[in-house]
Amino acid sequence: MNDTQLKIQTTGRRASILFRAGSLLSGAVAALALTAICILLFSGQETRSSFLSAFDVTANNGTVIRIAPWSLLLLFGFMLAESGLITFILFFVYSIFRNIAANGLPFSRPNALLIRKTAVISLLLGLLGSCSDALVDHYTIGAPSWNVNLMGLFMGIILYCLSLIFEYGCDLQQLSDETL
């Protein structure tokens with residue numbers, strides 16, 4: 001094993017630890033959103049009222065702004081979906097680095113597939129984030145502003161192209177192994 005492969009494996013180990021922690025944290029956020037949804041749907045009236053009062057906002061003029069339970073349920077639904085998608089992305093990236101740490105080879109078919117899955121989820125997250133932002137704008141300023149989350153869409157496209165590069169790297173590696 002040469003120095004470059006050793007550096008790749010060491011970096012892969014460190015990155016996998018970081019992304020594993022991130023996926024666990026994001027999973028915890030998804031669990032909190034699911035808990036909030038369950039409280040809104042299945043708890044008793046007293047518990048639900050107490051929970052809803054935690055989201056009351058007092059404006060500068062002293063008026064209390066209340067978010068309707070259905071609206072709050074919708075917001076937590078989007079939060080659950082977004083944090084779930086982020087958890088998948090972080091888990092896939094963790095898996096990529098775990099694979100690299102295990103064998104020192106970044107260009108492998110499993111890694112190319114994981115990058116492609118990450119690309120698809122990034123595209124979905126970009127679209128879902130746009131809807132979520134519009135919903136938050138509707139409840140905070142009264143009018144939804146439909147802005148497409150271009151960063152998520154660009155990231156998805158870039159990751160998809162990267163997955164094609166990784167597949168090409170796999171083909172070159174196989175060709176090289178066959179000629180030796």
Side-chain angles (χ1 to χ4, degrees), residues 1-37 74-138 140 144-180:
M1 181 176 297
N2 62 32
D3 286 342
T4 303
Q5 283 180 315
L6 188 60
K7 286 178 187 177
I8 288 172
Q9 280 187 306
T10 303
T11 304
R13 268 189 230 102
R14 290 178 182 157
S16 69
I17 292 168
L18 179 69
F19 283 107
R20 180 70 176 161
S23 69
L24 291 173
L25 184 62
S26 182
V29 171
L32 288 173
L34 184 60
T35 301
I37 290 170
L74 195 57
L75 288 170
F76 280 121
F78 272 101
M79 181 180 169
L80 175 62
E82 287 179 344
S83 58
L85 290 175
I86 290 169
T87 301
F88 278 122
I89 288 172
L90 292 173
F91 181 76
F92 290 154
V93 174
Y94 154 74
S95 298
I96 291 166
F97 283 109
R98 183 190 62 203
N99 291 344
I100 292 170
N103 59 22
L105 300 173
F107 296 105
S108 66
R109 300 251 181 243
N111 285 349
L113 181 63
L114 287 167
I115 293 171
R116 183 164 294 138
K117 288 178 181 180
T118 303
V120 170
I121 292 175
S122 289
L123 288 169
L124 289 173
L125 188 60
L127 294 173
L128 186 67
S130 298
C131 295
S132 178
D133 290 347
L135 188 65
V136 169
D137 287 347
H138 172 71
T140 55
S145 60
W146 292 99
N147 298 320
V148 177
N149 183 350
L150 292 178
M151 200 55 150
L153 298 177
F154 285 143
M155 185 59 68
I157 292 168
I158 290 168
L159 286 172
Y160 182 78
C161 293
L162 191 62
S163 76
L164 295 176
I165 293 168
F166 267 64
E167 278 189 25
Y168 182 66
C170 293
D171 292 341
L172 289 177
Q173 182 66 44
Q174 183 179 3
L175 184 63
S176 172
D177 291 344
E178 289 172 357
T179 56
L180 293 177

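- In this structure, F91 and R20 have side chains that are in contact, with non-hydrogen atoms separated by less than 4.5 Å.
- Ring geometry for F166 versus F107: interplanar angle of 30 to 60°, hence tilted.
- E82 places a side-chain heavy atom less than 4.5 Å from the side chain of L125.
- Just one of L113, T118, L159 meets the side-chain contact (heavy atoms from CB on, under 4.5 Å) condition when paired with F92; it is T118.
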List the atom pairs, donor and acceptor, that lie under 3.5 Å between side-chain atoms in residues 28-36 and the rest of the protein, sequence neighbours left out.
{"from": "T35", "atom 1": "OG1", "to": "A31", "atom 2": "O", "distance (Å)": "2.8"}

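- Looking at every heavy atom in both residues, S122 comes nearest to M155 through OG-CG, 4.3 Å.
- Around atom CZ of F88, no more than 12 heavy atoms belonging to other residues, nucleotides or ligands sit under 6.0 Å away.
- A search for side chain to side chain donor-acceptor pair (under 3.5 Å) contacts involving S108 returns N111, not counting sequence neighbours.
- In this structure, CD1 on I115 lies 4.5 Å from CG on L162, to the nearest 0.5 angstrom.
- Interatomic distance, CG of L172 versus OG of S176, reported as 8.5 Å (0.5 Å rounding).
- Nearest heavy atoms, A112 versus S163: O-CB, 3.5 Å.
- Using a 4.5 Å heavy-atom threshold, the side chains of L123 and L127 count as separate.
- For the atom pair CG (L114) and CD1 (I89), the distance works out to 12.5 Å, reported to the nearest 0.5 Å.
- Across every non-hydrogen atom of S26 and L90, the tightest pair is CB-CD1, 4.1 Å.
- The environment of CE in M79 is crowded: more than 12 heavy-atom neighbours from other residues, nucleotides or ligands sit within 6.0 Å.
- Put simply, CD1 on I8 and CZ on F97 are 10.5 Å apart, with the number rounded to the nearest 0.5 Å.
- Between the side chain of T10 and the backbone N or O of L6, at least one donor-acceptor pair lies under 3.5 Å.
- Taking 4.5 Å as the limit, some side-chain heavy atom of Q5 sits within range of a side-chain heavy atom of L105.
- Residue F154 holds its CZ atom at 8.0 Å from CD1 of I158, rounded to the nearest 0.5 Å.
- Between the side chain of S16 and the backbone N or O of R98 there is no donor-acceptor pair closer than 3.5 Å.
- Residue Q9 holds its CD atom at 11.5 Å from OG1 of T4, rounded to the nearest 0.5 Å.
- Applying the salt bridge (charged side-chain N to carboxylate O under 4.0 Å, His left out) test to every pair with at least one member in residues 159-171, sequence neighbours left out, gives these pairs: R109-D171, R116-E167.
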